[in-house]
There are 2 protein chains.
Amino acid sequence: MKRIADSTVRRLSTYLRYLEDLDTKGQQTASSDELAHLCGTTSAQVRKDLSFFGSFGKRGLGYPVHELTAHLREILGLEREWKVVIVGAGKIGAALANYRGFRQRGFRIVGVYDNDPNKIGKPWGEAIVHDMADLASDIRREEAPIAVLAIPSDDAQAVVNELIGAGVRAILSFAPAQITVPPHVSLKSVNMAIELEGLSFALTNALPSQGVA
Amino acid sequence: MKRIADSTVRRLSTYLRYLEDLDTKGQQTASSDELAHLCGTTSAQVRKDLSFFGSFGKRGLGYPVHELTAHLREILGLEREWKVVIVGAGKIGAALANYRGFRQRGFRIVGVYDNDPNKIGKPWGEAIVHDMADLASDIRREEAPIAVLAIPSDDAQAVVNELIGAGVRAILSFAPAQITVPPHVSLKSVNMAIELEGLSFALTNALPSQGVA
DNA sequence: GGATGTGAAAATCTTCACAGCT
DNA sequence: AGCTGTGAAGATTTTCACATCC
């Protein structure tokens, strides 16, 4: 299959969210134009994105909401459960754990780790904070493929290397540091500083046309 | 000036971070190649990005670290203080407030708002949680140009409209909802569900070459 | 009639490659 | 010799526009 652009995958997630809404409301079909308006893009973009994976619509009618929802779940790999370990028992990890959508979409937290003796063994939501020393062996045992990295940047790369060594194949990092992973590992980085500085730049340079994001 | 791509601005932030490191270490100059390796990009990309704003390097030598740091701060609009209001006194807002880099880079939190009576009036870090009812008037008085939106998605758009009405010109949203803003307002959205689903997609479709992010 | 699916065109972003300065 | 700055080439992504089908 042709390589799918990251921007396309992000939009698929968005389509899914709104299709679920429509499905809940009992709407039977949705046109590319309706979806586009909901998701802040264009109808051509919606059709193109979906066309990479098949022909889900009916000409003259639009897309069947319930079916397309299922297709998108399948495409995004959300029909199964993903085990996730959270590294760093701080605020960010807690925010993630609190987030309902997290579990709803099949991401199950199988462990929370920290190296702070004051946190280890303490309750954290419904779980207990484990010692980072056990991280690698636990990941191997659980075969958790996804890790969320929510620690200060200083030793982020070292922890990443440990995670990968233990078999993690996808990492969502909130550490404000450049991280390198081998080709078989996926990495997404969220860096609040970069986002804020982007806003600072936009304000400073008063760019017109910022519009939707 | 030509429109600057969002991807360029993001890289500028990254360059700045590593230049500050080098500057702290006392390094005098850095080549585009060195910066590229630190930041996970290519030397041509570094030179191109910088070239949009001027000629900061010396041929044969590289870029003067300290000077370029100052230039990038200037370009990104970080030489001044930005007042920021945080909407939603939950975990995400707390994570942001905790984040040292936040203040270091000139973002000053001037207020935290929530509509939960159990939170209003309670301490929150060094601040006190204010009533959302006061949001608009406070923003007008303080003239805070930036808002961080860290609330559930249900009423996100309504709050955004209120913020914009009160004069906010840049919004960093963590609400997992599509938000629309007029052209004169900048919006960045961070959506953890989208990031995780992107990882799920990558794992499911076992794309080769994920590499650095 | 109405909306999809899709090649082709346009726009955008990245990489190349080399002239030109230090 | 070494490294920047940049026009041109290449790659990628988005938009257009229309034939095709319900």
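In what follows, chains carry the letters A, B, and so on, assigned in the order in which the sequence lines appear, proteins first and then strands, with residues in each chain numbered from 1.
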Can you find a side chain N or O atom of B:R11 that sits less than 4.0 Å from OP1 or OP2 on C:dT14? yes
A:Y63 side chain N/O closer than 4.0 Å to the phosphate oxygens (OP1, OP2) of C:dG5? yes
B:D114: side-chain hydrogen bond (donor to acceptor under 3.5 Å, both in side chains) partners, not counting sequence neighbours: none
The criterion is side-chain hydrogen bond (donor to acceptor under 3.5 Å, both in side chains); which residues satisfy it with B:D23, sequence neighbours excluded? B:H66
Reading nucleotides 15-22 of chain D from 5' to 3' and marking B where a protein heavy atom lies under 4.0 Å of the base, S where only the sugar-phosphate is that close, and - otherwise, the string is BBB-BBBB
Testing the basics here: between B:I92 and A:A95, what is the closest heavy-atom pair and its distance to 0.1 Å? CG1-CB, 3.5 Å
Shortest non-hydrogen separation from B:V112 to B:A89 and the atoms involved: CG1-CB, 3.9 Å
Hey, does A:S7 reach any base, or is it just sugar-phosphate, or nothing, if we go heavy atoms under 4.0 Å? sugar-phosphate
Pair B:R141-B:V110, side chain to side chain contact (heavy atoms under 4.5 Å, CB included): steps then yes or no: CA-CA 11 Å; B:R141 177 165 33 76; B:V110 297; over 6 Å; no
Rounded distance in Å - [atom1] ([X]) to [atom2] ([N]):
X	N	atom1	atom2	answer
A:R3	D:dT12	CZ	P	8 Å
B:F53	D:dT6	CZ	C1'	16 Å
B:L12	C:dT14	CG	C1'	15 Å

Please list, chain by chain and in numerical order, all residues satisfying ring-ring contact (aromatic ring centres under 6.0 Å, His included) with A:F56, sequence neighbours excluded. A:H71
Expected output is a numbered-order residue list: members of residues 19-34 of chain B with a heavy atom under 4.0 Å from any atom of DNA chain D. What is it? B:S31, B:S32
DNA chain D: 5'-proximal contact among B:G54 and A:D49 (nearest heavy atom): B:G54
With a cut-off of 6.0 Å (strictly less than), are more than 12 heavy atoms of other residues, nucleotides or ligands near CZ of B:R169? no
Not counting sequence neighbours, list each pair that qualifies as a salt bridge (Lys or Arg N to Asp or Glu O under 4.0 Å) and has a residue in residues 189-200 of chain B. A:R10-B:E195, A:R105-B:E197
